[in-house]
2 protein chains.
Amino acid sequence: MTTMSESSVGPRPRPTMRQVAALAGVGIKTVSRVINGEPDVSPATRAKVKQAADSLDYQPDLHAGNLRRADGRTKTLGLLVGSVANPFYGTLHRAVEKAATARGIAVFASSLDDDSEREEALVSAFLQRRVDGLILATVATSQAYLAPELRRRTPMVFIDREPAGIEADAVVSDNAAGAALATRHLLEHGHRRIAYLGDLDSIQTARERRRGFLEELGRAGVATRDIPVIVDLHDEASANRAVLALLDSPNPPTALFTSQNLVTIGAITALRARALQNRVAVVGFDDISLADLLSPGLSVVAQNPQRIGEVAAERLLARLDGDQTPAHPYIVPTELIARGSGEIGPHA
Amino acid sequence: MTTMSESSVGPRPRPTMRQVAALAGVGIKTVSRVINGEPDVSPATRAKVKQAADSLDYQPDLHAGNLRRADGRTKTLGLLVGSVANPFYGTLHRAVEKAATARGIAVFASSLDDDSEREEALVSAFLQRRVDGLILATVATSQAYLAPELRRRTPMVFIDREPAGIEADAVVSDNAAGAALATRHLLEHGHRRIAYLGDLDSIQTARERRRGFLEELGRAGVATRDIPVIVDLHDEASANRAVLALLDSPNPPTALFTSQNLVTIGAITALRARALQNRVAVVGFDDISLADLLSPGLSVVAQNPQRIGEVAAERLLARLDGDQTPAHPYIVPTELIARGSGEIGPHA
DNA sequence: CTGCTTTCCGACATCGTTGTCACGGTTTCA
DNA sequence: TGAAACCGTGACAACGATGTCGGAAAGCAG
């Protein structure tokens, strides 16, 4: 008895075009034409087919169609970022998604978490799903493994870091110029003893920022001999320790340039621990939400993740549309936002 | 002349199993066996095939295989969130992704942006790509349109808000209890005139939070007649204005309960504008990064987006593994984090 | 050497869709 | 009035893989 009632509401298999065709009393190709909005179907037939499809809740199988379709496009794109939980990449992801969705393209997103081991596996997962293009924030030392895919004309845009071992479009912040901007700002406020607190030196962007910092000091004629340059800080705790050590040293810096979010936060915490947040200047690389509500407000060199995402998506879509211009890097400018902490003068 | 050199490095078409088979001198089915690690292939043949596949950079087409495969699984899952740029959903996304990737499942993510018009279209895009399951933070007033899909046994887990019009698993924060928690905290610190600042009343979770607030006041025997309850605030600016108006009123509140991130920030900004941040207590719903670096530190009722993502993924994967238990809601507890702003006593 | 398993492998149909083509029926035009 | 053009439609192969099944070769017992 339950059998009967169950079978009446039980799981209906997902309908195929063939079943829609049978219900509408037409050939399968006609259904295909109606579903895809192709011409040469009489209005009456069209209506019949639409009704049949609706009554069965028919959803065409995009991938089956793709198998046969001439252009072979899956209307799908792969996005590899550091972590989808990182607001920087979240904003970037949103921008990419916006451009993609406008063209009916769905986005696969994956997090790399600085694990170069996973990079190739995740890309392979995208490729097996036949994405139309890739947007990649890579971390491995070389992207040469992508060369065959590049030869197959799979559009590929690198973000955040430039690729090594292959030639492909890249959209990156101007890390060196941004760091120089921050440095000049501190110099202009009278600082000479500016400490540099950097991320892992294995990261290309981290090295770029350090280079920008040192070069700006050089341009200003400041001897870099006595400048504390500390690298390989990758989290809040290590940055905190490093800054405390600096502050407690015989000749502490009058200003800090922190090259990354977590380092910045660790540094601020350390300054507060010594009640020096209003006496030691800080400029951080990368904006932080609520930075303006801190006291003093946090001055930063802000990247523009939204713009990076927009440009990357624009490049990828252009390639998909047949753009054959040579690959080259796109630089997205950074911007100095003064909120207080960077405008503190030097105190003996 | 260029023709020759170009053809040698020119784009090679993506190889198929058939081509790997030809190169290895075996049948196509044997290649299939090797690629999928099936038994009954001699080690010698296996090696030959592997080498051929490598030399062609063969990547199997997951979707073509899927068409024929018995279980019909695409190893793909759809995640619909408010916005991938929102850190709350970013964290949740990361947790879902982690569980999925561990099983070789890729994640499609899409942002809804409170646009109920897009909801059905985005779900349809997922369905046409034959995702194995859905995790959805919905916004439309009814999810009845998903009933046919539910009958087809497509696993589906709702997050953040419970679905309307159908029965399905849901993983949500305990909004009412969390609001009550915040309210009790303020009551215990002696406040009686607590203003409520809420999000759009059309949002289910916002209504729940308001209910929790009012019920807790009721339990404490506080007359709600004179309690300012302001709703339909959805951004920083409107919250700011509302709080300024309250502070300038004849009988201003001694404490604020803000029901959402942006509202909280708008409220804090308003308090600072009147230099009252150390005299009027605030507890916000939802944690904010850097909340502990503000002065006073911001007390909040924190949700646990990571846990929500974990539970949602666990439920979905269990359903994929055949779990048939009846659908029901899972409640993820909230937590009060005291950092200062919520512990300010009432000032006349 | 025969007959039986076991091992390894490939021919073939098939998954759900689209591209090609041919067919019957109107309409149009010289 | 006949040919040509067009419209609406469906039969069929094909896309790249996997499931089924049968068969050749090798191993083994009698």
Can you name the ring-ring contact (aromatic ring centres under 6.0 Å, His included) partners of Tyr145(A), sequence neighbours left out? none

Within the structure shown, what part of the strands sits under 4.0 Å from Asp61(B) by heavy-atom distance: base, sugar-phosphate, or nothing? sugar-phosphate

OP1 or OP2 of dC15(D) under 4.0 Å from side-chain N/O of Asn66(A): no

Any side-chain N or O of Thr16(B) under 4.0 Å from OP1/OP2 of dC15(D)? no

To the nearest angstrom, how far is [X] atom [atom1] from [N] atom [atom2]?
{"X": "Leu67(B)", "N": "dG16(C)", "atom1": "CG", "atom2": "P", "value": "7 Å"}
{"X": "Asp40(B)", "N": "dA25(D)", "atom1": "CG", "atom2": "C1'", "value": "15 Å"}
{"X": "Arg69(A)", "N": "dT17(C)", "atom1": "CZ", "atom2": "P", "value": "11 Å"}
{"X": "Met17(A)", "N": "dC15(C)", "atom1": "CE", "atom2": "P", "value": "16 Å"}
{"X": "Leu62(B)", "N": "dT18(D)", "atom1": "CG", "atom2": "C1'", "value": "12 Å"}
{"X": "His63(A)", "N": "dT14(C)", "atom1": "NE2", "atom2": "P", "value": "25 Å"}
{"X": "Glu38(A)", "N": "dG19(C)", "atom1": "CD", "atom2": "P", "value": "7 Å"}

Donor-acceptor pair under 3.5 Å, Arg68(B) side chain vs dT14(C) base: yes

Taking for each residue the nucleotide of DNA chain C with the nearest heavy atom, is it Arg46(B) or Tyr58(A) whose nucleotide lies nearer the 5' end? Arg46(B)

Any residue of residues 26-35 of chain A with a heavy atom less than 4.0 Å from an atom of DNA chain C: Ile28(A), Lys29(A), Ser32(A)

